[in-house]
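Note on naming: letters A, B, ... go to the chains in the order of the sequence lines (proteins, then strands), and numbering restarts at 1 for each one.
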Amino acid sequence: MALTFYNTASRKKEPFSLLPGNDTVKMYCCGPTVYHYAHIGNLRTYIFEDTLCRTLEYYGYKLNHIVNITDVGHLTSDGDTGDDKMEKGAAREGKSVWEIAKYYTDAFMKDWHALNIEEPTRWTKATDHIQEQIDLVKTLEEKGYTYRTSDGIYFDSLKDKHYADFARLDVEHLQQGSRIDMGEKRAPTDFALWKFSPKDKKRLMEWDSPWGVGFPGWHIECSAMAMKYNGPTLDIHCGGTDHIRVHHTNEIAQSECATGKPFARFWMHGEFLRLDGNKMSKSSGEFLTVSVLMDKGYNPMDYRLFALTSHYRNYLNFSFESLDSAREALKSLHKKTDPLIGKATAIESEEAKKWQQEFKDAIGDDLNMPRALGILNSVLKTELSDGEKAALVADFDKVLGLKLDQPREEYAKKQDPNAVDDTAEIEALIAQRTEARKSKNWAESDRIRDLLKEKGVEIKDSKDGTTWKRV
RNA sequence: GGCGACGUACCCAAGUUGGUAAGGGGCGAGUCUGCAAAACUCUUAUUCCCCGGUUCGAGUCCGGGCGUUGCCUCCA
């Protein structure tokens, strides 16, 4: 079966292939604005993009995968009003915007790696590409797609005949919308390309430009960076579903008007994670982060598996009950895969090849990870040799990224620097209990077992004696 | 007001061009055990929100309801 992706542009699944003469998939994924921690909903989208990258690699493609870091302040609302998110973050924490950007970028990278998301080919920071953004605005200005107001340079969306196509906007009805602050804009769909710094105060982040001191509009960075590293036409552009309406529509408009070429062939969008049936959002205050989950005793791979249990285009409701379910599932997966580590042989039998093909079909069918997980479970139940099973697990995990190549204990160990080594004490207690059991003193035996349980030690009696582990 | 998504067992969730309901968790049962725990085995939807229609046949297609929810403001 051919590799197939759902393309937001056509609203259909389409077979994926590269344009003739190309050997690398040109990808761009919208990254975070580093003014706060990323929550697990944000991370769900990056896990989706990671499965996309891994699937493309599984199918033999090379990638030029760009992820941006938005470290320049965007306004909290369109038009003249609203605060700058970066400056707001800085004020909140009494730091400079640059410190804020650095701090939250580091935090983001930490989560990214904890979730075993593959490193992109290149991270690009918006503030490292101010000139490219200015150049792009200049091109648009030369081609007559811009106009000036008292607070900035705007894109004239009515000049772009195709503006409404991508998101299938009904521009006339859009104008009835109540939440649009027009300011001096000519049309509700117009957007800022360059904003001027306020005359009465100095911004922490501002740059010189042909139009005056200011800062770039909030869509231009993606177009500028995507095209700098991938050329005018991308193969795949991704992001969260919320970007379809405004951000990606505007990216397409400014990019295509500047180059006259299609901006991206495939557009893929991840659906939101919900919390109690509602959107998880930074602005509403409370939100869950990877560190919060880890503090509660979960492993990042528990969350990754949880994210993989549903399709990226469906919303997924987060609950601790579901996360527990994923944690249990991962545990029992490891029970089966840990003994297979290091035993991989070649995949030779017809049956093993058939399973491998089924897996490939599942991930190639618009990244159907739930189905792929089902196939992994089925393989582990088959009568295949350990060697072939081990090979298939390793092969599948290249895409699933669940670290099935490492035994669970190895990464599940709690890193507690204050932990006291009480192994000797525990073993002494177990020896006592063994004596009690020999003399059939069950009351004493059970008492010691309860005592150990309080210490977080679980014991297991078998024919060959008693074994224990920390839980 | 405009444009969308979703509704499958106790929970999560897949279901390819319509052909007779994957998988995971949980529950329950059994084996084992002094009892536990762990492990292993088995079990868990005559049915897919409701009502019509097309069809030999529909969770899958069409029409109409109901419910939940997202975007249209920075947002993954």
Side-chain angles (χ1 to χ4, degrees), chain A residues 1 4 11 13 29-33 35-36 38-49 70 73-79 81-85 88 164 167-181 188-189 218 238-247 249 269-274 277-283 305-306 309-311 313-317 319 321-333 335 361-362 365-366 368-378 381 437 440-442 445-446 449-450 453 458-463 467-469 471:
Chain A
M1 201 173 98
T4 304
R11 311 281 167 108
K13 280 193 201 176
C29 298
C30 288
T33 301
Y35 70 105
H36 214 318
H39 59 61
I40 57 175
N42 300 126
L43 268 346
R44 182 194 181 196
T45 297
Y46 302 112
I47 292 174
F48 137 61
E49 290 164 358
T70 298
H74 289 169
L75 302 183
T76 50
S77 80
D78 195 358
T81 58
D83 302 315
D84 178 308
K85 284 192 297 187
K88 211 173 152 187
R168 312 203 170 177
L169 300 177
D170 181 340
V171 177
E172 275 180 42
H173 283 102
L174 202 66
Q175 293 177 3
Q176 296 170 5
S178 57
R179 297 200 289 183
I180 294 167
D181 179 4
T189 46
W218 20 282
C238 345
T241 171
D242 56 318
H243 282 328
I244 298 171
R245 178 78 45 173
V246 176
H247 184 55
T249 288
H269 294 93
E271 186 50 85
F272 281 143
L273 179 76
R274 295 187 186 174
N278 293 298
K279 180 183 171 182
M280 182 178 289
S281 85
K282 289 182 189 175
S283 48
L305 179 60
F306 167 74
T309 58
S310 88
H311 188 91
R313 280 196 289 116
N314 284 148
Y315 68 81
L316 172 62
N317 195 241
S319 68
E321 192 189 355
S322 295
L323 187 61
D324 285 342
S325 160
R327 173 166 63 181
E328 287 308 311
L330 186 60
K331 233 189 245 177
S332 59
L333 208 47
K335 265 178 229 156
D361 288 346
D365 181 12
D366 197 29
N368 195 328
M369 295 301 145
R371 211 166 92 205
L373 287 171
I375 291 162
L376 171 63
N377 277 299
S378 302
K381 281 188 201 158
R437 292 184 72 226
K440 297 197 192 297
N441 187 351
W442 307 129
S445 158
D446 290 349
R449 181 166 61 205
D450 289 344
K453 199 171 181 182
E458 197 170 84
I459 57 175
K460 183 159 77 173
D461 295 329
S462 73
K463 286 191 229 35
T467 56
W468 61 279
K469 65 176 177 184
V471 288

message = Given A:L273, which partner from the list A:T45, A:N317, A:L316 fulfils the side-chain contact (heavy atoms from CB on, under 4.5 Å) test?
response = A:L316

ask   = Would A:K13 and A:D365 pass as an ion pair if we require N to O under 4.0 Å?
value = yes

message = Rounded to whole Å, please give me the gap between NE2 in A:H243 and P in B:C74.
response = 11 Å

request  = Tell whether A:D324 reaches the base of B:G24 with its side chain through a donor-acceptor pair below 3.5 angstrom.
outcome  = no

inquiry  = Check for me: is A:Y46 stacked on B:A76 by the 5.5 Å centroid and 30° plane-angle rule?
reply    = no

ask   = With both distances kept under 3.5 Å, what pairs with B:A38, Watson-Crick or G-U wobble?
value = none

ask   = Rounding to a whole Å, what distance do you find between A:D461:CG and B:A37:P?
value = 12 Å

inquiry  = When both hydrogen-bonding distances must be under 3.5 Å and the geometry is Watson-Crick or G-U wobble, what is B:C61 paired with, if anything?
reply    = B:G53

inquiry  = Distance check needed: B:U17 C1' versus A:D361 CG, whole Å only.
reply    = 15 Å

task = Give A:L316 one of three labels, base, sugar-phosphate or nothing, depending on what nucleic acid heavy atoms sit under 4.0 Å from its own.
result = sugar-phosphate

ask   = Any donor-acceptor pair under 3.5 Å between the side chain of A:S445 and the base of B:G34?
value = yes

task = Mind calculating the distance between CD (A:E321) and C1' (B:G24) to the nearest angstrom?
result = 13 Å

inquiry  = If the cut-off is 4.0 Å, is A:N314 near the phosphate of B:A14, judged by side-chain N/O to OP1 or OP2?
reply    = yes

query = When you compare B:C49 with B:G59, how far apart are their C1' atoms, in angstrom units rounded to a whole number?
reply = 12 Å

request  = To the nearest 0.5 angstrom, please state how far the CG atom of A:D242 sits from the NE2 atom of A:H269.
outcome  = 8.5 Å

key: Complementary nucleotide for B:C10 - Watson-Crick or wobble, under 3.5 Å   = B:G25

key: N/O donor-acceptor pair, side chain A:R44 with base B:A76, under 3.5 angstrom   = no

task = Could you tell me the separation between the CZ atom of A:R449 and the P atom of B:A38, rounded to a whole number of Å?
result = 11 Å

task = Figure out the CZ/C1' separation between A:F306 and B:G23, and round it to whole Å.
result = 16 Å

request  = For residues A:H311 and A:R371, determine if any side-chain heavy atom of one lies less than 4.5 Å from a side-chain heavy atom of the other.
outcome  = no

ask   = Whole Å only: how far is the CH2 atom of A:W442 from the P atom of B:A36?
value = 12 Å

task = Report the distance from atom CG of A:L330 to atom P of B:C12, rounded to the nearest whole Å.
result = 20 Å

ask   = Within the structure, does a side-chain N or O atom of A:N377 lie under 4.0 Å from either OP1 or OP2 of B:G23?
value = no

